[in-house]
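Naming: A, B, ... by sequence-line order, numbering from 1 per chain. Quantities reported herein were computed from a predicted structural model and do not represent experimental measurements.
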Protein chains: 2
Amino acid sequence: MGQYAAPLRDMQFVLHELLNVEAELKRMPKHAELDADTINQVLEEAGKFCSEVVFPLNQVGDREGCTYEGDGVVKTPAGFREAYRQYVEAGWPALGCDPEFGGQGLPAFVNNALYEMLNSANQAWTMYPGLSHGAYECLHAHGTPEQKSVYLPKLVEGVWTGTMCLTEPHCGTDLGILRTKAEPNGDGSYALTGTKIFISSGEHDMAENIVHLVLARLPGAPMGTKGISLFIVPKFVPDANGAVGARNGVKCGSIEHKMGIHGNATCVMNLDGAKGWLVGEANKGLNAMFVMMNAARLGVGMQGLGLTEVAYQNSLVYAKERLQMRALTGPKAPEKPADPIIVHPDVRRMLLTQRAYAEAGRAFAYWAALNIDKELSHEDEAARREAADFVALLTPVIKAFLTDNAFEGTNLAMQIYGGHGFISEWGMEQYVRDARINMIYEGTNSIQALDLLGRKILGDMGAKMKRFGKLVAAFIEEEGVKPEMQEFINPLADIGEKVQKLTMEIGMKAMQNPDEVGAAAVPYLRTVGHLVFSYFWARMARVALDRASSGDAFYAAKLATARFYFAKLLPETASSIRAARSGSKSLMEFDEAWF
Amino acid sequence: MGQYAAPLRDMQFVLHELLNVEAELKRMPKHAELDADTINQVLEEAGKFCSEVVFPLNQVGDREGCTYEGDGVVKTPAGFREAYRQYVEAGWPALGCDPEFGGQGLPAFVNNALYEMLNSANQAWTMYPGLSHGAYECLHAHGTPEQKSVYLPKLVEGVWTGTMCLTEPHCGTDLGILRTKAEPNGDGSYALTGTKIFISSGEHDMAENIVHLVLARLPGAPMGTKGISLFIVPKFVPDANGAVGARNGVKCGSIEHKMGIHGNATCVMNLDGAKGWLVGEANKGLNAMFVMMNAARLGVGMQGLGLTEVAYQNSLVYAKERLQMRALTGPKAPEKPADPIIVHPDVRRMLLTQRAYAEAGRAFAYWAALNIDKELSHEDEAARREAADFVALLTPVIKAFLTDNAFEGTNLAMQIYGGHGFISEWGMEQYVRDARINMIYEGTNSIQALDLLGRKILGDMGAKMKRFGKLVAAFIEEEGVKPEMQEFINPLADIGEKVQKLTMEIGMKAMQNPDEVGAAAVPYLRTVGHLVFSYFWARMARVALDRASSGDAFYAAKLATARFYFAKLLPETASSIRAARSGSKSLMEFDEAWF
């Protein structure tokens with residue numbers, strides 16, 4: 001049931017017409033030779049793989065789920081293993097990886113586009129390779145030369161997969177209180193003991209080895225987050241050539257029954273004197289892990305985008321086919337017993353909301369990924385620094401805004417199906433269930449909002465935010481004088497000013513009372529998300545206006561979606577700004593005893 | 001896992017302190033003897049039954065679901081049958097029913113309060129007796145004396161249950177195109193043939209007979225909704241004394257696998273020349289069914305309220321127990337490794353949102369039920385008419401606003417649990433899945449919004465709305481001069497004026513273009529919902545202020561929740577009003593070919 005076709009036309013629009021990546025790559029020595037045609041070919045091939053191999057396993061994965069077979073063994077749903085074999089064989093894990101370790105060295109934005117499609121096709125399946133890529137990035141940044149030479153080629157090839165082991169039964173958000181211990185063995189390795197929970201892809205039957213990156217405490221380590229170290233704990237201990245050896249003392253004790261992503265094994269991992277090796281410096285494990293965490297947060301944003309897109313595609317087909325009632329303005333398909341439901345204004349609201357979220361989310365996320373490439377590879381240091389600021393500032397927005405939108409979008413898609421949306425067979429309710437986790441893991445969306453407002457904005461007195469503001473202001477300055485752009489520039493300028501004022505106001509209040517940050521953070525993030533979306537919708541409208549005379553309906557649709565966005569979605573900020581301004585008083589004056 | 005205790009204190013507050021039902025009942029001859037103590041005793045007993053018998057089956061019902069055993073036989077989850085036996089034995093089905101047929105004749109609001117508690121305890125289970133009650137109401141209003149004497153005593157006793165059979169594979173919202181046929185048998189009965197889907201409680205093992213109320217077409221009936229008739233189609237054909245006889249040709253063909261309410265059997269019902277008897281007049285079946293549908297829509301609102309309450313209770317316990325991070329203003333529980341998460345402003349926002357929705361929803365729904373009693377039983381005709389208008393006007397608001405809020409509320413409750421919220425064992429994700437159907441069935445929430453704006457408001461040129469406006473205005477007039485009420489009256493008056501203007505504006509636009517109704521309806525309903533909630537929060541604040549000197553923390557909490565509502569939730573109308581005003585253009589100018 002259902003369908004998925006990679007939105008190649010829109011992806012290419014974003015990369016080439018909006019972001020002009022080919023020109024940008026010319027300023028990055030290691031990508032200077034890469035051209036648009038090659039990128040397009042990769043995306044096309046990836047799209048085919050996603051539609052033909054990964055997507056058909058989405059519903060069966062949900063229905064079957066993973067099975068704990070006892071003694072640490074987990075079986076993935078029918079077909080998952082074989083699809084992963086094909087994925088490895090085709091070389092997809094290597095796409096964005098360093099050629100020194102067998103990677104293809106393509107830019108981050110190409111890898112991001114691949115992940116959008118994989119997540120549209122099957123989020124639960126995609127989490128197996130997805131977490132491996134995070135482990136790759138963490139070891140690539142912080143591993144010793146020996147660790148890199150043993151582990152990276154295997155992760156790049158995809159024959160080994162990775163995990164991140166942070167959460168324990170008593171702590172998720174608050175890693176400072178974790179209890180897993182690491183005691184030196186005297187031979188440079190450590191013996192790790194403790195229990196980790198909620199470990200995605202923690203155990204499965206798809207790879208010959210699993211590389212766990214585990215947070216633990218060394219003996220005598222300081223309390224809190226400054227006493228946490230990071231360790232590699234492989235399922236099978238490899239030798240220097242990467243041949244797997246003895247089974248290590250890290251074992252899956254059980255898997256969780258959960259609301260969605262049934263095809264991915266969410267594991268309790270028991271470490272019983274498991275052998276591990278320190279990654280990076282002692283007691284600085286959280287810094288090292290943050291490389292993986294930031295990658296994971298962008299990855300979660302791509303999960304949101306992927307689900308938004310696929311749910312939209314399916315609800316659109318249904319809205320065109322399902323006949324029910326007549327249009328309020330009179331029959332539109334008089335030859336049929338009723339009109340297709342796409343004639344109804346509210347059905348169009350539900351469709352266009354999804355579409356506007358998907359398209360702006362794509363522009364935003366690909367732009368952010370392009371900035372990762374700039375940060376890593378741009379020839380100019382100032383450009384690298386600017387890009388790094390954008391990525392740091394907006395990572396929590398990508399994570400939270402895109403996943404909130406995805407939950408709304410998948411719910412609207414399901415609603416368009418009416419009663420059929422609630423029935424498993426149609427596949428729509430699975431998207432809602434899968435989308436729900438993205439608002440929780442890798443830092444709940446509340447935590448993202450605190451990160452944005454507390455750390456990223458107030459933490460540097462608004463410096464990063466000002467940088468982004470300059471980018472927006474430059475666009476407004478250039479386009480604001482053109483009559484055809486008024487309808488887009490005016491609301492963009494308006495929300496820009498409002499965000500500026502709001503930030504100042506909260507900043508002042510926060511100096512008196514830190515609870516003001518916690519009270520404002522969630523609606524503040526929604527407001528900033530809309531500033532970003534307004535900026536990209538105005539930019540996309542500019543491109544569409546330039547090409548409108550081509551007669552290509554693509555541009556007419558793009559313009560109309562931009563108009564829909566400004567008319568119907570941006571107004572959310574009227575209430576999010578009020579909520580952000582309304583302060584902590586009504587929250588905190590409620591005595592705990594009154595609850 | 002989890003817990004539920006009936007919120008008796010708050011229920012009594014609404015009934016006695018806010019609505020003063022004892023005085024109201026004095027004006028209803030058939031209820032004039034009923035006093036507050038009796039009502040409280042009934043609620044207390046009902047609360048006990050819900051917590052002790054029905055609630056413990058909630059999670060097992062979800063996990064096991066119903067089983068289709070072949071040949072039309074459906075098995076309900078372990079314990080469901082026995083709990084229903086106890087329910088019947090205790091006389092609960094008879095609570096709100098006519099004494100002429102064995103009922104206890106208690107007012108509708110008592111029955112509503114019972115249903116709030118049942119739904120908190122177990123929505124899937126509650127749908128078995130819940131639909132029976134709708135069938136009872138429909139037959140009570142439209143059945144012949146013979147039909148009443150055979151069917152009503154059994155439905156009142158609860159030994160038979162009922163269903164409503166409307167939807168077919170090709171039509172749900174658009175009943176005008178339904179195809180099930182009813183041909184006269186010549187003996188006063190009809191032979192019904194067709195397929196009905198999504199029939200809740202359509203088949204099960206809890207009762208000795210099931211009474212289906214089926215919409216079908218007579219031979220030569222006009223096309224559309226004016227050619228639909230209503231029939232009783234019993235599973236077993238009873239004799240005049242209610243003894244069950246031959247198995248009728250109405251059979252469950254399969255049950256659906258679905259997102260939630262797993263414990264309730266959602267059946268495909270095949271009618272193969274099934275014997276049926278006309279209820280009410282030929283071709284006026286939809287009118288008769290609307291008695292049941294309106295009852296069902298209020299019932300769905302109570303499902304929303306019930307889930308909001310129980311999810312709140314559980315997330316509150318977790319927020320007090322779960323230790324994670326320190327308060328932004330410094331440690332609150334320095335003796336513990338971290339503070340309970342209830343110290344964090346955003347956790348409080350999530351808790352208080354649920355609480356404010358639950359308490360205002362309760363006030364609104366009980367008030368609406370009291371108006372049903374007035375409509376049926378008030379000694380004064382003008383009072384009866386006014387009450388009928390309120391019920392007609394606000395039924396779609398209760399259905400849609402309370403169920404939208406419940407979906408938001410259960411999602412917030414789940415979010416408070418972090419990763420644990422996504423795990424089935426904790427029970428929170430079930431509330432989200434169960435809550436989701438309430439936005440779809442008995443008319444999707446979009447349809448409710450069209451019913452409110454198109455039929456109930458514009459359809460009578462705003463007459464019913466003006467009546468409700470008068471009620472609000474009278475309260476504002478009385479309280480607006482009192483300084484202590486300013487903080488509640490000002491925003492209430494403001495939203496009242498805004499709704500009035502908005503209604504006028506849409507009404508004018510709709511005369512030019514009917515699509516303006518469809519474009520505005522959903523955000524319009526949200527806005528009206530907040531007007532209603534503002535009215536009840538202001539009234540509840542009044543009561544709480546009057547009793548504040550008692551020192552009872554209940555009133556302090558009530559006042560603080562009112563303040564939270566006006567500061568944090570009412571601001572949603574800043575965007576819902578903008579969305580409702582933004583018109584149909586951006587929706588309808590999007591060419592269908594561009595999608």
Quick check on [X] against chain B: is it the side chain, the backbone, both or neither that has a heavy atom closer than 4.5 Å?
X	result
A:I423	both
A:Y441	neither
A:F554	neither
A:R63	neither
A:T573	neither
A:I177	side chain

Winner by heavy-atom pair count (cut-off under 4.5 Å) against chain A, out of [options]:
options	answer
B:R349, B:R436, B:E429	B:R436
B:G330, B:G421, B:A556	B:A556
B:M588, B:R563, B:E589	B:M588

Do [X] and [Y] make a side-chain contact, defined as non-hydrogen atoms from C-beta onward lying under 4.5 Å apart?
X	Y	result
A:T561	B:W594	no
A:M414	B:M439	no
A:R355	B:F595	yes
A:H420	B:I197	yes
A:F422	B:I261	yes

Is chain A contacted by the side chain of [X], its backbone, both, or neither, given a heavy-atom distance below 4.5 Å?
X	result
B:I437	both
B:L323	backbone
B:T167	neither
B:Y555	neither
B:N513	side chain
B:K558	neither

Q.
Closer than 3.5 angstrom, by distance alone: can the side chain of A:S586 be matched with the main-chain N or O of B:A567 as a donor-acceptor pair?
A.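 Absent.
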Looking only at heavy atoms and a cut-off of under 4.5 Å, which of [options] has the most pairs with chain B?
options	value
A:K568, A:Q324, A:M325, A:K258	A:Q324
A:E572, A:M428, A:M223, A:H344	A:E572
A:G260, A:A553, A:A520	A:G260
A:G454, A:P337, A:G419	A:G419
A:T444, A:T329, A:T266	A:T329
A:N411, A:V522, A:N445	A:N411

If you compare all heavy atoms of [X] against all heavy atoms of [Y], which two are closest, and at what distance to 0.1 Å?
X	Y	answer
B:A519	A:P345	N-CB, 3.6 Å
A:S424	B:M259	OG-N, 4.3 Å
A:D174	B:A338	OD2-CB, 3.6 Å
B:S446	A:D346	OG-OD2, 2.6 Å

Q) Mind checking what makes salt bridge (Lys or Arg N to Asp or Glu O under 4.0 Å) contact with B:D62, not counting sequence neighbours? A) B:R433
Q.
With a sphere of 6.0 Å drawn around NZ of B:K509, does it hold more than 12 non-hydrogen atoms of other residues, nucleotides or ligands?
A.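 Above 12, so yes.
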Q.
Tell me whether A:R581 at atom CZ has more than 12 heavy atoms from other residues, nucleotides or ligands lying less than 6.0 Å away.
A. no
Please round to the nearest 0.5 Å and tell me the distance separating atom [atom1] of [X] and atom [atom2] of [Y].
X	Y	atom1	atom2	value
A:E592	B:R348	CD	CZ	6.5 Å
A:W426	B:E256	CH2	CD	10.5 Å
A:L570	B:S582	CG	OG	11.0 Å

Q. Below 6.0 angstrom between ring centroids: does that apply to A:F407 and B:F407?
A.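 They qualify: ring centres under 6.0 Å apart.
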